[in-house]
Amino acid sequence: VTKEMERLQKTRNAMQSALQEDEYNRAQTVLNNVMREVCAVFASYLHERHTLLIEHYKTLDAKTDLTKPHEWYMHARLDRRKIIFHGGPTNS
């Protein structure tokens, strides 16, 4: 067990950051800026390349919107209905 613990400790020490805290913070800031720029460029590329697919998706999303069921059949909701209640035992 101790040899395994020593091996794990060596692995842990080898994996610890070689950067000082200020270097790490600078690297993290640069990486965040680069990631923000790359994401923006990639999003514009996707929009240019797949404009038609995006429009189809938006149309499909609008047609299959299930959030307002009271607007689906407006004319059917205007119909007057007659409800008849039959009370009593069932099929006896």
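Note that CG of Leu31 and CZ of Arg26 are 14.5 Å apart. Values are rounded to the nearest 0.5 Å. A distance of 10.5 Å separates CG in Leu53 from CD in Glu55, rounded to the nearest 0.5 Å.
Residues satisfying the salt bridge (charged side-chain N to carboxylate O under 4.0 Å, His left out) criterion with Glu4, sequence neighbours excluded, are Arg7. With sequence neighbours left out, Met35 forms a side-chain contact (heavy atoms from CB on, under 4.5 Å) with Asn32, Cys39. With sequence neighbours left out, the side chain to side chain donor-acceptor pair (under 3.5 Å) criterion links Arg36 to Asn33. With sequence neighbours left out, Asp79 forms a salt bridge (charged side-chain N to carboxylate O under 4.0 Å, His left out) with no residue at all.
Note on Val30: it clusters hydrophobically with Val38, by side-chain heavy-atom contacts below 4.5 Å among ILVMFWY residues.
Environment of CZ in Arg81: crowded, with over 12 heavy atoms of neighbouring residues, nucleotides or ligands closer than 6.0 Å.
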Show which side-chain atoms of residues 70-78 pair as donor or acceptor with protein atoms under 3.5 Å away, not counting sequence neighbours.
residue	atom	partner	partner atom	Å
Trp72	NE1	Lys68	O	3.4

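Screening residues 57-67 for side chain to side chain donor-acceptor pair (under 3.5 Å), with sequence neighbours left out, gives Asp65-Thr67.
Between Ile54 and Leu46 the shortest heavy-atom distance is CD1-O, 4.3 Å.
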